[in-house]
Structure formats: C-alpha cells, structure tokens
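Throughout, protein chains are lettered first and strands after them, A, B, ... in sequence-line order, and every chain is numbered starting at 1.
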There are 2 protein chains.
Amino acid sequence: MGIKRIAKLANVSIGTVDRVLHKRSGVAKETEKRVLKIIEETGYVKNTSASRLKLASVKKIRMAVLIPRENNTQQWNYWRLPKEGILKAVEELSEMGVEVDFYSFLNSTSFAARGHEIFAEDYDALVTVPFFKKESNELQQLAKAKDIPVVFLDTEIALDGPANFIRQNSHNAGRVAGRLLHGLVGSEGDYFIVNIINDKGVHASGQQREDGFRAFFKSINQKVSIQSIQHAVDVAPVFVGEMIEKLKKDAPKGIFVTNSRAHLIPRLLMSHDVRNAFVVGFDLNERNLMCLQRDEIDFLINQKPDYQGYAAIKGLFNFLTKEDASALNLQIPVEIIVKENAPQF
Amino acid sequence: MGIKRIAKLANVSIGTVDRVLHKRSGVAKETEKRVLKIIEETGYVKNTSASRLKLASVKKIRMAVLIPRENNTQQWNYWRLPKEGILKAVEELSEMGVEVDFYSFLNSTSFAARGHEIFAEDYDALVTVPFFKKESNELQQLAKAKDIPVVFLDTEIALDGPANFIRQNSHNAGRVAGRLLHGLVGSEGDYFIVNIINDKGVHASGQQREDGFRAFFKSINQKVSIQSIQHAVDVAPVFVGEMIEKLKKDAPKGIFVTNSRAHLIPRLLMSHDVRNAFVVGFDLNERNLMCLQRDEIDFLINQKPDYQGYAAIKGLFNFLTKEDASALNLQIPVEIIVKENAPQF
DNA sequence: AATTATTCCGTTAACGTTAACGTTATCTAA
DNA sequence: TTAGATAACGTTAACGTTAACGGAATAATT
C-alpha cells in the first residue's frame, strides 16, 4: 500500500500526506518533517496509474506539437513520421488523460506566430523543432517563464540556454558516413559532399554532417580529396567543372549526400557514365529505399524520426507525472541501413 | 466514461456489463447481445490502468523467466543483458502488479527440469530460450495445454507448432555481414567463416548466419572463395593448412565470425603477420568493442538482447491484459555498429 | 468578551474496473 | 403447496490518489 501506509506510520491522515507530497500549504513544519522522513525511509513511490485514473477526467495533460506543415506536393513526407510516433504514444497514454494538438508552420514568421498561440492556451508541454535559432530561443524563454517543458526534435542547432533535445548527433552521423564510404572507396578515390540547401531556414544539420565527414578522415590520418557541392533544393544537383573530370577518372568515387535526397544522384551518375561510385545518404524515404534495393545507393543513415516523436511524448509524460526528466534529452543512435537490413514496404 | 456508459445505454447494471466483458455466466442471451452491440458501436476499450489498479493487489500477474545461468568465469555475461531489459520492464509495470521469477539452466536436462518446476507453479506467462529443440517443443506443448503464453528469445530455431519468437533473423544477419565484408574486401579476396561450436546445445544461429553469408554472395552473383572453420569453444581458433597460405597472400581477406568471439581474431592475425584483413562479428561485448575502437574489428552486428527481454515482458503484459498479441512475435532488426556509432562504456 | 481569521488536519467522494455478495423471479421436486 | 434450487441481474466495497470540504483549535481583531 502507498499513501495509506505512510499516513499510518506518521500518525496523520492521508490528506496530510497528500499535502506534503504536493507541497501544498496547511501542514505544520514538524508534521511535514515527520512525513517526509517516513516517505524517505519506506522508499515510497507514487502509483502513477492511480493518480492519473483520478485526474484523467478532471485535469488532462495537454501537449502542443509544432512541426513543419506536411507538403502534399511531394510524395514523401518526412514530418509524417514523428507525427506517427507521437500519435502512437498518445494512444498508449490516452487512458491517462493525455491529449495533443498539432500546429504547423511554413516559415520563421508562422513558427513564431503559432508559438505564441500555443502559449496563449494553457498547455502542459510543447514538442517542436529548433528550425529557426532566434525564434526557438524566444520560445524557450517564454516556456521557461511559464515553467512549461519543451522538447526540441530532429535538428542539430545550439540554443542559448539549456534546453531538451531528442535528436541525432549530426557530426557523429557524418563521421559514420565517412567510415562507411571510406570502407568502400579507400584512400585512392575522390570524395564528394553534396549539400542541398533549403530555402526555408538553414538546415544546420547539413553543415555538421559535412564537418563530421571530414573529421573522420582526419581521425584516420588520411588526406583524401573531398569536394563540396552546394545546391539549391528542388533542382537536381549537377556536377560542374573539374568535378566532371574527376568523375570520369577510373579512381573509385564516394558521394556523401548530407540530406534525404541521395536518390537524385544515381540518375546523374548514369548520365555522366560514371561507374565505380559509391553513395551514402540519409533517411528511409521510398526513393532512397528503392535505390538501395537496386544497389544504386550503398548505405542509408536513419535518424528514427518516428521514435523521436514517440520518445518525446513519453518523456514529457514521465517528467510531468513522475518528475523524471531522464528521457527529455536523448541521443538517437546513428542507424546504418543496407539493402539486407532495410525495412520492407 | 467506460463501463458505466455502456451500462446506461444497454439499460443494465455495470455488473452485467462486466459479466459480458469477462464472458462469465449469469447473463441472458438477449441481454448479452444487446450489451455486445453497444460495446461494438461505442468502440469501448477497457481502461487497463483502472483494471490493474484493482487487481494489482488481488490477482498479480506472475511471469517466469528461464534463461541460461550466468557464468561468472567469463567477464562478459551475455545473459545479463536480456535480464536487464526484463528488469526494466518489470519496474515499469510493477504498479500494475507484475512480478517475475528467474530460473536458470545449464544443459538440456536442467532446462527441462526447471521447465516442469515452472509449470508446477501457476505462472501466467513464460519467457525462455529455445536452446534445445526437443525440450523446447515439450515446454511449448505443456504451455499450450495449460493455456499459458510463452515467448522464446534470442535463438533461431524452428519448433514443431506455432510459437512466439522475439529474435533476430540469423540468415538475414549473415546476409548483412556478407554485404559489409564484401564492401571492404571486394571480389578479389578470400573469405573465411569462423564458426565456434558450443558444447552445450547446438547454437543453430551460427549455421544460419553462415548460410546467410553465403547466400549474399549468391545474390550478387559473385563466386568468391569462402572457407569455413569449425572450432571448439574456449580455445582460440587456429588457422591450418591451406588457410595459412591464403592468409599470407596479398589479396584482401574477409573474416566473418558467426558468434560473439570476433575479438579472438586480431591477435591471431598479428601472430601470422596478416595485414589487409577485415573482420565482422556479433555482439557488443567489451572485448569486441575494444577491438572496434582499435580498428581491429570493422563491423559488429548487434541483436539488442536487452531490448528482446524488455519487449517480451511488455508484449506479454499487453497480451494478458488487452489480448493484444501483436508484440509477441518480433523481428529484431540487424543493427550495424562501427567505431563511430558504438555505445561508449 | 465576543467575533472573526487563520492554522492545521481529518473525512470523503470521486476516477474505472472487478468480483463477491444480495436480491429478485422463475422453476423443480417433495 | 411449499421449500429449495437456479438463472439473471443489481449493489457495493475495494484498488491508490486527489482535492474539495469541513471542523477543531488557536490567534487576531473588534
């Protein structure tokens, strides 16, 4: 038994124990000490199910989720994945009285606007994405002032103060990519980094992945040729100038695409009649997986976006109900996918 | 609201609804139909927390776990990992009144003996390992007769009837290993499969991993030289005869260790002054991870034994409380580990 | 001195589910 | 006919936690 046993041992009623546990007023200092001592000694832990059973109907836990709008123009919606993870977590926690509302943004302006709307309502927690540094810092400040926990997903970016992040270490992911490509290409080949620039907000992860990639080669003391290509989104990357020359050489080539569009590369390689090239990219979208099946992409790196969403909700729930903040900051492992361990769809 | 609303809509008391939900006697066929119809229409789902809140003190859920004894002689205990996962799940479910007892075995005889002891008690579920085909089949039969769900972890083996497995597909893991080694070695090298034979019970997974490895090279239409080495446990493997010759050749070499002892290989290679050899093995034990850090092992494949244990307990709980069997059969993904994404310890 | 606040604490009704226990009404056997 | 059996259903206390409510004792104010 829980609170009842504590009450008996402390010679008080369960009401008083409850007051102590919730730090509410109306308890004499002496009594509080006595109760706290017994709570300590017995190692009492609150039964969250019982607590939520009562509160599920009276005091719901409301969370807001602010993520980019799903664009229907493209067949692959990255942001549907964290959403699915979130919905799975909410389903599991629905009998505990947990609800979420989804908000979406298109740019930094609407991000800030939705953020303020969210804080106008009284949510208990917020899950979002640190796409825009300035606006994310503002949001974090607002949340801190209102004592509302925020979890930032997906994007690797440094904010001013302390904050909760559930995401992959992009630098590390880049190093893994370096390891994988180097294994295939060796020290005698040419390396290319294809960095597709996003118009809406800097995708800082791209730069970090590139840094990590280069750091890997430093770590093994290999001086290889690594060339970066910046390219605008929504246009297939092109190889220009001396790159074409290098691509036409016999030496093996390694191409590291720092975002989810590695699937654009194989066609390009074929049009330049490049063979002996290896490709590593990010994210398990259909096109990438197709290329993997056709041996046109060699490795994909997954950042488990669905799990990120799932973990954020679960972590926030544990924080709000058990003041256990241990799951609010997670490093998502760098998952390596090849044809043989790829999920079938 | 749940049962109460159903009762009101069906013009019966909550007691009757409860009887219908639990298929207990004492309900007229007419009434039962009416209640079932409303349950269907409203999409009622039972509040498991509330249910377990009541039952946690009256009707505990008791699970038995039967896994190999941890051998203290070796510094690395594989079986501690599923155990840790199990304990984590039990902690999460303790407020739901879930308890587990651990049993351990040394050989097929003690496996069968412990199994019978377990079925003499009245456990609600069993988690074990299908090490021994005959005895595992007997256990499964016993469980079926008593209507007690069993989950088999870890080992890839086929049982006679249908059964629940949470484990990695070893054949697939072998194919992944083939892909990884081939990427490093290429078609011009020699491949070796080191298969360490366990005295206590056939470790069927080893053979399947080997088959998968060979199947990979078939799938890419590459005829490469692959040589198998069988070796007894607790003795460092030795290379004999023509292998030594091949090892001394300049061609790159790929070594696939089908179990967790890949860490034995590097020393051996050094003693034969073999360079240009790549090693892939299984499991994240300290020695393997050390070799990974030293670039003596190139890839490790993880089968997440801790997660297997965790998932088994959670899956059984969901089956027993929500008759949701969806998590009793899981394919553990083939996790690829390199130096850069290895867990630090 | 009488009234009003304030402090401190106990009591209690819920939350949704379960199962034992009661209570009818109908039916069977003496 | 009546006692006893049975079928069908309602009532209720409990699980652990929460928070509103109320009450007694003391302190502060008129």
Side-chain angles (χ1 to χ4, degrees), chain A residues 1-36 38-39 42-61 93-99 124 320-323, chain B residues 1-36 38-39 42-61 93-99 124 320-323:
Chain A
M1 217 179 311
I3 216 180
K4 216 180 285 181
R5 197 164 65 98
I6 304 292
K8 199 160 286 172
L9 290 171
N11 270 321
V12 292
S13 72
I14 59 170
T16 302
V17 177
D18 187 61
R19 271 183 283 262
V20 172
L21 284 171
H22 292 86
K23 286 161 192 158
R24 275 180 287 171
S25 62
V27 182
K29 278 148 282 167
E30 278 301 309
T31 320
E32 188 182 9
K33 265 187 194 167
R34 187 152 36 96
V35 173
L36 282 174
I38 292 187
I39 287 174
T42 56
Y44 164 82
V45 280
K46 143 169 100 175
N47 184 324
T48 307
S49 307
S51 166
R52 291 309 303 167
L53 169 60
K54 161 80 194 225
L55 297 180
S57 49
V58 187
K59 195 192 279 184
K60 293 213 180 295
I61 292 181
L93 295 175
S94 66
E95 70 182 23
M96 303 285 200
V98 174
E99 294 175 345
D124 300 296
L320 291 170
T321 58
K322 317 188 222 274
E323 38 247 53
Chain B
M1 221 178 308
I3 215 179
K4 216 180 283 181
R5 196 164 66 99
I6 303 292
K8 200 158 285 174
L9 289 171
N11 270 320
V12 293
S13 72
I14 60 170
T16 302
V17 177
D18 187 61
R19 270 181 284 262
V20 172
L21 284 170
H22 292 85
K23 285 160 193 159
R24 277 180 285 174
S25 62
V27 181
K29 277 149 282 166
E30 279 299 308
T31 319
E32 189 182 8
K33 265 187 194 168
R34 187 153 35 97
V35 172
L36 282 175
I38 292 186
I39 288 174
T42 56
Y44 164 82
V45 282
K46 145 169 100 175
N47 185 323
T48 307
S49 306
S51 166
R52 291 310 303 167
L53 169 61
K54 161 82 193 222
L55 297 180
S57 48
V58 186
K59 194 192 280 184
K60 293 213 180 296
I61 292 181
L93 295 174
S94 66
E95 70 182 22
M96 303 286 200
V98 174
E99 294 176 347
D124 300 295
L320 291 170
T321 58
K322 320 188 220 272
E323 37 249 52

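Residues meeting the side-chain contact (heavy atoms from CB on, under 4.5 Å) test with A50(B), sequence neighbours left out: L53(A), N47(B). Under the salt bridge (Lys or Arg N to Asp or Glu O under 4.0 Å) criterion, D124(A) pairs with no residue at all, not counting sequence neighbours.
Less than 4.0 Å separates DNA chain C from no heavy atom of any residue of residues 27-34 of chain B. If you check residues 7-20 of chain A against DNA chain D, the residues with a heavy atom closer than 4.0 Å are I14(A), D18(A), listed by number.
Here chain A contacts DNA chain C (any atom closer than 4.0 Å to a heavy atom, that is under 4.0 Å), and the contacts span dC8(C) to dG16(C) from 5' to 3'.
L36(A) pairs in a side-chain contact (heavy atoms from CB on, under 4.5 Å) with only one of the listed residues (E32(A), R34(A), K33(A)), which is E32(A).
Remark: side-chain polar atoms of T42(A) are paired, donor with acceptor, to backbone N or O of I38(A) under 3.5 angstrom.
The residue L55(A) sits close only to the backbone: its heavy atoms come under 4.0 Å of sugar-phosphate atoms, none of a base. Using a 4.0 Å heavy-atom distance criterion, R52(A) is classed as making no nucleic acid contact. Using a 4.0 Å heavy-atom distance criterion, G2(B) is classed as a sugar-phosphate-only contact.
In the helix from dA1(C)-dT30(D) to dA30(C)-dT1(D), the rotation axis of the first five pairs and that of the last five pairs differ in direction by 60°, rounded to 10 degrees.
Dense packing is recorded around NZ of K60(B), with more than 12 heavy atoms of other residues, nucleotides or ligands lying under 6.0 Å away.
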